Structures are given as structure tokens and as C-alpha cells.
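Following: one structure in C-alpha cells, then a few remarks.
These numbers were taken from a predicted model, which means no experiment stands behind them.
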Amino acid sequence: MKITILQLLLLSLASFRLTRLLVFDKITEFIRNPFFMEIKEENEYGEMEIYYLPKEQGIKKFFGELLSCYWCTGIWISTGIVCISLLYPVHSFPFILILAVAGFASIIESIVQFFIGK
């Protein structure tokens, strides 16, 4: 099996974007919530800070630990995206392309924000 540089780039960007979507983005918070405990603490400035800790036992702890680790989630997301792209190349291409474009756009936005912020 041969994979082109373009395919590798698309798969990489799609994996990056889907991983960030699951681990960090507000829109998928409802997926993460069952696996975390919310801890609120007041900092030295009197502001409330919220920490999310994985649940303490069972399958919820496992998924909480997984979702709290960007690298761990990324491995599983990458595995899924690569497998789906190999098993169903025609049907998975639009999904992968959309995620890749969104991933590339988020990288560009980060670069723009970096330079505007200076």
C-alpha cells in the first residue's frame, strides 16, 4: 500500500482537528462531562477557577484519563481515521477533507493571533 504526501497531510490535519475537537472545544463539552468531576477553587485574586479531574473509578475514570490527555486521545483518533480511510476511502474522504481544512484553518488562525498579539 502506498500513501502519498498529500494523503498523509490530510490524515494528519484531520486527526489534529478531531482530537482538539474532542479534548478541548466547548461544543463537545457534553461528551466529556460524564467523565469528569468539576472542582471550583478561589485563587489569590478572589477569582473562581474551575478544574476538571477524571472520575475516580471504573470506565468513567478510563475515559476521563483518556480525554484529559491530548496525546493519548490523538493516538486513538489517528488510528480510527486511518482505518476508516483505508476501509472506506470514497465515503470517508469528504469527512477527512472537512476536518483537514478546519485543522489547517485553526493553525492559520493561531499564527495570525500570534502576530497580531505582538
Side-chain angles (χ1 to χ4, degrees):
M1 180 189 108
K2 185 178 177 185
I3 199 164
T4 67
I5 295 294
L6 179 60
Q7 289 170 316
L8 179 62
L9 181 62
L10 288 175
L11 291 169
S12 299
L13 287 167
S15 296
F16 161 74
R17 186 63 199 112
L18 188 55
T19 300
R20 287 200 59 84
L21 182 69
L22 284 175
V23 174
F24 296 116
D25 289 357
K26 183 125 180 112
I27 195 169
T28 56
E29 197 170 79
F30 73 97
I31 295 172
R32 294 186 303 272
N33 280 343
F35 307 108
F36 291 96
M37 298 177 296
E38 185 176 281
I39 309 294
K40 294 181 182 181
E41 291 183 1
E42 189 173 326
N43 66 17
E44 66 245 18
Y45 305 108
E47 302 166 335
M48 290 303 291
E49 292 183 354
I50 300 173
Y51 299 96
Y52 294 96
L53 297 174
K55 298 274 181 160
E56 295 183 358
Q57 59 185 358
I59 194 80
K60 288 186 177 187
K61 177 182 174 141
F62 172 77
F63 282 107
E65 293 285 341
L66 179 67
L67 289 170
S68 67
C69 173
Y70 179 80
W71 302 108
C72 304
T73 303
I75 294 267
W76 291 106
I77 293 294
S78 298
T79 300
I81 284 180
V82 168
C83 289
I84 287 170
S85 74
L86 293 174
L87 293 172
Y88 308 102
V90 174
H91 299 295
S92 65
F93 181 74
F95 175 70
I96 290 169
L97 182 62
I98 289 167
L99 286 171
V101 169
F104 190 62
S106 68
I107 291 169
I108 291 171
E109 179 61 26
S110 295
I111 293 168
V112 168
Q113 288 301 317
F114 176 79
F115 286 112
I116 288 175
K118 282 191 164 188

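- Within the model, atoms OG of Ser12 and CG of Leu8 stand 4.0 Å from one another, a figure rounded to the nearest 0.5 Å.
- Smallest separation of non-hydrogen atoms from Ser92 and Pro89: OG-O, 3.5 Å.
- Under the 4.5 Å side-chain contact rule for hydrophobic residues, Phe63 and Ile31 do not share a cluster.
- Residue Leu87 is not grouped with residue Ile84 when hydrophobic side chains (ILVMFWY) are merged at heavy-atom distances under 4.5 angstrom, including chains of intermediate members.
- For residues 28-38, every residue pair satisfying the salt bridge (charged side-chain N to carboxylate O under 4.0 Å, His left out) rule, not counting sequence neighbours, is listed here: Lys26-Glu29, Glu38-Lys40.
- Surrounding CD1 of Ile39 are more than 12 heavy atoms belonging to other residues, nucleotides or ligands, all under 6.0 Å away.
- For the salt bridge (charged side-chain N to carboxylate O under 4.0 Å, His left out) condition, no pair includes a residue of residues 47-71, sequence neighbours left out.
- Between Leu67 and Leu22, the shortest heavy-atom distance links the atoms CD2-O, 4.4 Å.
- Side-chain atoms of Asn43 come within 3.5 Å of backbone atoms of Tyr45 as a donor-acceptor pair (strictly under, hydrogens ignored).
- At a threshold of 4.5 Å between side-chain heavy atoms, the hydrophobic network of Ile, Leu, Val, Met, Phe, Trp and Tyr places Phe93 and Ile3 in one connected group.
- Rounded to the nearest 0.5 Å, atoms CG (Asp25) and OG1 (Thr19) are 11.0 Å apart.
- Ring planes of Phe24 and Tyr70: parallel class, angle under 30° (limits at 30 and 60°).
- Arg20 is not listed as a side-chain neighbour of Ile77, based on a closest heavy-atom distance of 4.5 Å or more.
- Cluster annotation: Leu13 and Ile111 are assigned to the same hydrophobic cluster (Ile/Leu/Val/Met/Phe/Trp/Tyr, side-chain heavy-atom contacts under 4.5 Å, transitive).
- Here the side chains of Ser68 and Phe35 are not in contact, with every heavy-atom distance at 4.5 Å or above.
- The two residues Phe16 and Ser106 come nearest to each other via the heavy atoms CE2-OG, 3.3 Å.
- The heavy-atom pair separating Leu11 from Ser85 by the smallest distance is CD2-OG, 3.7 Å.
- Val101 and Ile27 fall within the same hydrophobic cluster, defined by Ile, Leu, Val, Met, Phe, Trp and Tyr side-chain heavy atoms under 4.5 Å apart, directly or through other members.
- The CG atom of Leu10 sits 7.5 Å away from atom OG1 of Thr4, with the distance rounded to the nearest 0.5 Å.
- Side-chain atoms of Thr28 come within 3.5 Å of backbone N or O of Leu21 as a donor-acceptor pair.
- Contacts of Ser110 classified as side-chain contact (heavy atoms from CB on, under 4.5 Å), with partners at least two apart in sequence or in another chain: none.
- Going from atom CD of Gln7 over to atom CD1 of Ile96 covers 9.5 Å, rounded to the nearest 0.5 Å.
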